[in-house]
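Structure record follows, encoded as structure tokens.
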Amino acid sequence: AAPVGLRICRGWDFAASTKKSADWTAGVKIGIASDGRWYVLDVKRDRVLPDDRKSLLRSTAEQDGYGCPVRIPQDPGQAGIDQSQSETRLLAGFSVIAQKVSGDKATRADGFAAQVNAGNVSLVQGHWNKDFIEELRTFPLGKHDDQVDAAADAFNHLARGGVGAYI
């Protein structure tokens with residue numbers, strides 16, 4: 001279990017396929033304690049098409065509560081802008097941060113990886129633990145990086161002074 005008083009954020013990485021080999025839509029909820037320890041509180045991961053992805057995004061935000069900021073990626077170009085605006089409208093009433101994605105994945109994950117490797121990150125026990133650990137273990141050479149991307153985005157948001165709700 002995580003301690004009370006964490007500052008939290010959920011980051012997302014989006015995909016749009018139901019094929020068994022496809023990337024996942026992943027949402028990782030992270031919190032930081034006043035002592036600087038990090039906690040991975042929850043992971044949502046599914047292979048879904050856009051309409052089901054939107055349902056997952058909305059239902060997860062409702063479960064997390066209105067105070068939990070939702071960090072979504074904004075891919076470059078018109079389609080990325082359109083998608084981030086659509087997802088933001090879907091989450092009316094929630095704090096949504098659409099952030100342009102730039103740079104390589106390994107560099108974006110460096111800060112989170114440093115904390116994991118230093119033993120400063122704990123996982124709340126959940127059915128998702130095994131898959132999450134395996135993806136982190138094989139990154140950046142593994143088959144998938146969706147949970148890593150989502151976790152890194154939430155981590156970077158909080159670590160760099162972004163708004164986070166307290167639970």
Side-chain angles (χ1 to χ4, degrees), residues 2 6-19 22-32 38-113 115-116 121 123-124 126 128 131-132 135-136 139-140 142 144-167:
L6 298 178
R7 193 164 55 97
I8 61 168
C9 178
R10 183 178 294 268
W12 284 93
D13 186 58
F14 297 139
S17 179
T18 57
K19 294 180 181 177
D23 284 338
W24 299 83
T25 289
V28 179
K29 184 177 173 182
I30 290 183
I32 182 170
W38 293 86
Y39 294 85
V40 180
L41 304 167
D42 182 58
V43 175
K44 303 289 188 205
R45 184 176 82 140
D46 205 353
R47 288 187 173 115
V48 291
L49 295 174
D51 284 345
D52 290 330
R53 184 188 69 229
K54 289 178 180 185
S55 294
L56 176 64
L57 180 62
R58 178 69 192 201
S59 66
T60 302
E62 289 171 351
Q63 290 168 12
D64 289 344
Y66 287 100
C68 181
V70 181
R71 165 65 174 73
I72 60 173
Q74 181 180 314
D75 291 333
Q78 180 275 330
I81 293 168
D82 184 62
Q83 180 185 23
S84 68
Q85 288 178 347
S86 173
E87 306 295 7
T88 300
R89 277 191 302 275
L90 173 74
L91 296 174
F94 295 92
S95 175
V96 180
I97 304 104
Q99 188 83 29
K100 290 184 181 177
V101 177
S102 63
D104 69 273
K105 292 172 180 277
T107 300
R108 292 195 324 259
D110 273 350
F112 181 61
Q115 294 302 311
V116 169
V121 178
L123 305 182
V124 170
W128 48 267
D131 291 333
F132 185 75
E135 187 173 304
L136 265 62
F139 181 81
H144 297 288
D145 55 18
D146 316 296
Q147 296 171 99
V148 173
D149 288 347
D153 286 349
F155 172 86
N156 289 333
H157 176 77
L158 292 172
R160 296 174 183 169
V163 175
Y166 285 90
I167 58 167

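Checking side-chain atoms of Gln147 against main-chain N and O of Ala26 turns up no donor-acceptor pair under 3.5 Å. A donor-acceptor distance shorter than 3.5 angstrom exists from the side chain of Arg7 to the backbone of Leu158, with no hydrogens or angles considered. Between the side chain of Asp23 and the backbone N or O of Asp146, no donor-acceptor pair lies under 3.5 Å.
Under the ring pair (Phe, Tyr, Trp, His ring centres under 6.0 Å) criterion, Phe132 pairs with Trp128, sequence neighbours left out. Listed by chain and residue number, Phe155 satisfy the ring pair (Phe, Tyr, Trp, His ring centres under 6.0 Å) test with Phe112 (two or more places apart in sequence, or in another chain). Residues meeting the salt bridge (Lys or Arg N to Asp or Glu O under 4.0 Å) test with Asp42, sequence neighbours left out: Arg10, Lys44. Partners of Asp153 by salt bridge (Lys or Arg N to Asp or Glu O under 4.0 Å), not counting sequence neighbours, listed by chain and number: Arg71. Legend: residues meeting side-chain hydrogen bond (donor to acceptor under 3.5 Å, both in side chains) with Asp131, ordered by chain and number and at least two apart, are Arg45.
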Applying side-chain contact (heavy atoms from CB on, under 4.5 Å) to Ser86 and Gln83, what does each step give before you reach the verdict? CA-CA 5 Å; Ser86 173; Gln83 180 185 23; 5.6 Å; no
Test side-chain contact (heavy atoms from CB on, under 4.5 Å) on Ile72 and Thr88; report intermediate values, then the result. CA-CA 9 Å; Ile72 60 173; Thr88 300; 4.1 Å; yes
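Nearest heavy-atom pair, Ser17 versus Leu49, reported as atom, atom and distance to 0.1 Å: CA-CD2, 4.1 Å. Nearest heavy atom pair, residue Gly31 against residue Ile8, reads CA-CG2, 3.9 Å. Across all their heavy atoms, Ala150 and Gly11 have their closest contact at CB-O, 3.4 Å. The nearest pair of heavy atoms linking Val48 to Thr18 is CA-CG2, 4.1 Å.
Atom SG of residue Cys9 and atom CG of residue Asn156 lie 10.0 Å apart, to the nearest 0.5 angstrom. Taking CZ from Phe14 and CG from Leu56, the interatomic distance works out to 9.0 Å, rounded to the nearest 0.5 Å.
Side chains of Val43 and Val28 form a contact here, defined as non-hydrogen atoms less than 4.5 Å apart. Side-chain contact check for Leu57 versus Val70: some heavy-atom pair is nearer than 4.5 Å.
Evaluation of the salt bridge (Lys or Arg N to Asp or Glu O under 4.0 Å) test over residues 47-62, restricted to residues two or more places apart or in two chains, returns Arg53-Glu87, Arg58-Glu62.
Put simply, the residue from Val96, Asp64, Ile97 that forms a side chain to side chain contact (heavy atoms under 4.5 Å, CB included) with Pro69 is Ile97.
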